[in-house]
Protein chains: 2
Amino acid sequence: MSNDNKKISLAVVRRLPRYYRYLYDLLQSGVTRISSRELSEKMGVTASQIRQDLNCFGGFGQQGYGYNVQNLFNEISKILGTDHRFNVIIIGLGNMGHALANYENFKKRGFDIIGIFDIKPELIGTTVNNIKVMHMDELDEFVKNNRVDIGILSVPYGQTPAIADRLGRLGVKGLWNFSPMDLKLPYDTEIENVHLSDSLMVLGYKIDSKMKK
Amino acid sequence: MSNDNKKISLAVVRRLPRYYRYLYDLLQSGVTRISSRELSEKMGVTASQIRQDLNCFGGFGQQGYGYNVQNLFNEISKILGTDHRFNVIIIGLGNMGHALANYENFKKRGFDIIGIFDIKPELIGTTVNNIKVMHMDELDEFVKNNRVDIGILSVPYGQTPAIADRLGRLGVKGLWNFSPMDLKLPYDTEIENVHLSDSLMVLGYKIDSKMKK
DNA sequence: TAGATTGTTAATCGATTAACAATC
DNA sequence: TAGATTGTTAATCGATTAACAATC
């Protein structure tokens, strides 16, 4: 069984997409097997960590052999849910919403954008990357009639809390938040923040602290 | 002195922008003083962690009183380098580059976008959000004549390593990478990755693992 | 002064690394 | 079989939390 009731730490979970990427690249290069040591050298982590991480989910390797790349990739895909699809809607078709609607990598990773919502009249009824743009008034109806797993929040700062609450109330399971604020909802809604400015500030800090040395 | 040679852990550094945001909001609300306990309740962390974090950089509080909000905000701004400005260029004016060029929050946090580079002839010479779009051929000259602290990499996957290397060689101090790959440069260049798809996959994992319970 | 809250040391917890028996 | 490498336990390291003396 791939996922028991034992709690996996978020530190491990956040490393999974990285394994996914490296294994995908190895597959592309035609590599069929790899040991934790070889992978650790490529990734710049310890072989110990790789084995510990993978064994949170099951014994995917074989003593004396290592890991079969295709098999390990499949297992990690399954853990990350990429074996099924996630239905995603975008709320807010500003510059960021536009960029996300056109980002092709999401589909490859198992995420299908099935609708975009905004309030600007001139946008309603158009399509972006073949995705229909609807009015926010149609949101509730749409979520009731379609399985919506994830809502991408790319709306102005001030509107974020109210729309997040609305999506949570509608039963959307996850929110991907691009506003520079931390969301807390009283629903069973998972939240993942992007916080671009925070990331840029961390880069600024790194640069400054290197200068001082 | 605000920053000694003692090494601050990245875990602490990544929390700084969050303190910055909360203190900014408190300032806006007219709050003049706050204790670590009050702030801890707002932020959902322990008061101990807040005091530990802040004391990595100096004693900004006062026994029996707490912290002066304006003063603490100023100190954290200084630590994050927001008291001076960072000059930033965007490489790649696709959908993401466009979104970033128009994102107003960066300026507020101390980052000025001073140029955009692309190769599409129809874009060269235009402006986006008052920022001049130049050809990649002009990049080296531009970097030599202007202080460029940070390069934002929003170019196609395949071109990322070569352009990253070129910026590193030109002495750009930090790269903000939007491609789903890990960069490693032989220069003194700090790198901060955004990895949007990774973040979305973590959200997918959270949703799935909650379902299984 | 008495009360409150910091700065800081000590204790705890969790995550990473090392080591090695199991086994392919 | 002998060599290699995993899965897993034990040791270490670092980060978080608790406690409290210092002090405003």
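Please read these numbers as outputs of a predicted model, since none were measured by experiment. The sequence lines fix the lettering, A, B, ..., with proteins before strands; numbering per chain opens at 1.
Atoms CD1 (Ile50(A)) and C1' (dG7(D)) sit 14 Å apart, rounded to a whole Å. Atom C1' of nucleotide dG7(D) and atom CG of Leu72(A) are separated by 14 Å, given to the nearest angstrom. Atom C1' of nucleotide dT5(D) and atom CZ of Arg33(A) are separated by 9 Å, given to the nearest angstrom. In this structure, the CD1 atom of Ile34(A) is 15 Å from the C1' atom of dA4(D), given to the nearest Å. Rounding to whole angstrom units, CZ of residue Arg37(B) and P of dA4(C) are separated by 10 Å. Put simply, CG on Asn55(A) is 10 Å from P on dT6(D), counting in whole angstrom units. Across the protein-nucleic acid pair, Tyr67(A) atom OH and dA4(D) atom P stand 18 Å apart, rounded to whole Å. One can place CZ of Phe57(B) at 14 Å from P of dT8(C), the figure rounded to the nearest angstrom.
When both pairing distances are held under 3.5 Å, dA18(C) makes a Watson-Crick or G-U pair with dT9(D). Taking a pair to require two hydrogen-bonding distances under 3.5 Å in either a Watson-Crick or a G-U wobble arrangement, dC24(D) pairs with dG3(C).
Taking the six-membered ring for Trp, Phe106(B) and Tyr103(B) have ring centres closer than 6.0 Å.
The side chain to side chain donor-acceptor pair (under 3.5 Å) test with Glu38(B) singles out one residue from Ser36(B), Ser35(B), Ser40(B), and that residue is Ser35(B).
In this structure, Arg33(A) is not positioned above the aromatic face of Tyr67(A) in the sense of NZ or CZ being under 6.0 Å from the six-membered ring centre and within 45° of the axis.
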(message) Under the criterion side-chain contact (heavy atoms from CB on, under 4.5 Å), I'd like the reasoning laid out for Asn146(B) against Asn87(B): C-alpha separation, chi angles, the key distance, then a yes or no.
(response) CA-CA 9 Å; Asn146(B) 298 271; Asn87(B) 283 340; 6.0 Å; no

(request) Please lay out, stage by stage, how Phe117(A) and Phe142(A) fare under the test ring pair (Phe, Tyr, Trp, His ring centres under 6.0 Å). (result) CA-CA 10 Å; Phe117(A) 294 86; Phe142(A) 185 89; 5.3 Å; yes

(request) Summarise protein proximity over nucleotides 15-24 of chain D in one line of letters, 5' to 3': B for base, S for sugar-phosphate only, - for none, counting protein heavy atoms closer than 4.0 Å. (result) SSBBBB-BBB

